[in-house]
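The structure appears right after this line, and notes come after that.
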Amino acid sequence: MLKIYSIYKQLYTAYGSQGWWPLVGHAGTNPTKTGAVQGYHVGDYSFPRNRAEQFEICLGAILTQNTAWLAVEKSLLNLKNINALTPEAIMQLREDAFKTAIRPSGYHNQKARYIKNFIPFFQGLGDRVPTREELLNIVGIGPETADSMLLYAFGQPEFVVDAYTKRILVALGLIAENATYAGVKQLCEEALQKEITDPKKLVPIYQEFHALLVEHAKRYYAKKPYGQNDSLLRAG
DNA sequence: AACCAGGACGTGA
DNA sequence: TCACGTCATGGT
């Protein structure tokens, strides 16, 4: 058993399906979890079901950069309340009204710019799936945001690496502290691809794994020294 | 009351 | 390439 996959199985056994990516437009089940409040869809991998949900995921991916999801959820609800949860509506909004709506997420000047960089690209996609390179060429979309969009909005098998992922894998001695994004991503993808023979399961498992790592990290890796109290994974 | 949150960009060495 | 400062609000 490869280490990475055994981590996934332990986390899934402990926490179960996480129902990511949350959508404020979807009244999903709401398991007890740290932070967020609504929009989860536990065990249902049929998302996004339409273009509106696809866009909401992309929007959330930008808004959640270095930001707690609860704050992002407030921003999304603000936009929903002024009927501006669509690319067209956002582009037509007054600049200050848009920034006010997304203010809870922080960095509202930057993120307003990032989102308005992304929207014309999104509108030009039609039904096409963007390449990773295309996304990375947009100012405001880095590796994690690109992979989050590809995995959760476009259903592509791209593993998402974040600060939590690195903390956990460093604590378990599987990667170095200065490991690169690409290096961690490759390690996880190669390990999972060897274990998962059914290619259809790759995307759901990537989706669950990232969500599970976030959930686990919120419990044990939120404050220093990271992972010292990780009674689940450090126990083996 | 510090510390941190589901990062990315621009700059200078 | 890479370390470092900056961006901002809100929860704990």
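So you know, we letter chains A, B, ... as the sequences are listed, proteins then strands, and number each from 1. Keep in mind that the numbers below use all heavy atoms, side chains included, and drop hydrogens, waters and symmetry copies.
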Evaluate the side-chain proximity of A/I138 to A/E134: yes if any heavy-atom separation is below 4.5 Å, no if none is.
-> no

In terms of side-chain heavy atoms, does A/D162 have a donor or acceptor partner in A/T165 at a distance below 3.5 Å?
-> yes

Distance between C1' atoms of B/dA1 and C/dG10 (Å, rounded) = 14 Å

Would you say A/Y114 stacks on B/dA8, if stacking means ring centres under 5.5 Å apart and planes within less than 30 degrees?
-> no

Can you tell me how far P of B/dG6 sits from CD of A/E215, to the nearest Å?
-> 10 Å

When we call it a touch if two heavy atoms are under 4.0 Å apart, what does A/V160 touch: a base, just sugar-phosphate, or nothing?
-> nothing

Do A/T67 and A/S105 meet the criterion of a side-chain donor-acceptor pair at a distance under 3.5 Å?
-> no

Can you tell me how far P in B/dG6 sits from the matching atom in C/dT6, rounded to whole Å?
-> 24 Å

May I ask you to check if A/R167 and A/Y226 form a cation-pi contact, with NZ or CZ under 6.0 angstrom from the six-membered ring centre and within 45° of the axis?
-> yes

Across the strands shown, which category fits A/I138 at heavy-atom distances under 4.0 angstrom: base, sugar-phosphate, nothing?
-> sugar-phosphate

Could you measure between the two P atoms, the one in C/dG11 and the one in B/dA8, and give it in whole Å?
-> 24 Å

Is the Lys NZ or Arg CZ of A/R51 less than 6.0 Å from the centre of A/F122's six-membered ring, within 45° of the axis?
-> yes

Measure from NE2 on A/H216 to C1' on B/dG6 and round the result to the nearest Å.
-> 16 Å

May I have the distance from A/Y152 (atom OH) to B/dG6 (atom P), rounded to whole angstrom?
-> 13 Å

Any A/R167 side-chain N or O less than 4.0 Å from OP1/OP2 of B/dG6 = no

Mind calculating the distance between CG (A/L151) and P (B/dG6) to the nearest angstrom?
-> 17 Å

Classify the ring geometry between A/Y15 and A/H216 as parallel (under 30°), tilted (30 to 60°) or perpendicular (over 60°).
-> tilted

Separation of B/dC4 C1' from A/D162 CG (nearest whole Å) = 14 Å

Do A/Y220 and A/Q228 have a side chain donor and acceptor closer than 3.5 Å?
-> no

After noting the C-alpha distance and the side-chain angles of A/W20 and A/W69, does the key distance pass the ring-ring contact (aromatic ring centres under 6.0 Å, His included) rule?
-> CA-CA 12 Å; A/W20 276 38; A/W69 182 258; 7.4 Å; no

Name the closest nucleotide to the A/K218 side chain, picking from B/dG7, B/dG6, B/dC4.
-> B/dG6

Determine the interatomic distance between P on B/dT11 and the same-named atom on C/dA8; round to the nearest Å.
-> 16 Å

Nucleic acid footprint by protein, nucleotides 7-12 of chain C - heavy-atom cut-off 4.0 Å, B for base, S for sugar-phosphate alone = BBSSS-

Taking atom C1' of B/dG6 as reference, at what distance in whole Å does atom CH2 of A/W21 sit?
-> 7 Å

Tell me whether the OP1 or OP2 atom of B/dG6 has a side-chain N or O from A/T165 closer than 4.0 Å.
-> no

Round to a whole Å and report the spacing from CZ of A/F118 to P of B/dA8.
-> 14 Å

Which part of the nucleic acid, if any, lies within reach of A/I141 when heavy atoms closer than 4.0 Å are counted: base, sugar-phosphate only, or nothing?
-> sugar-phosphate

Provide, to the nearest angstrom, the distance between the OH atom belonging to A/Y164 and the C1' atom belonging to B/dC4.
-> 8 Å

Within the stacking criterion (centroid distance below 5.5 Å, interplanar angle below 30°), does A/W20 stack on B/dG6?
-> yes

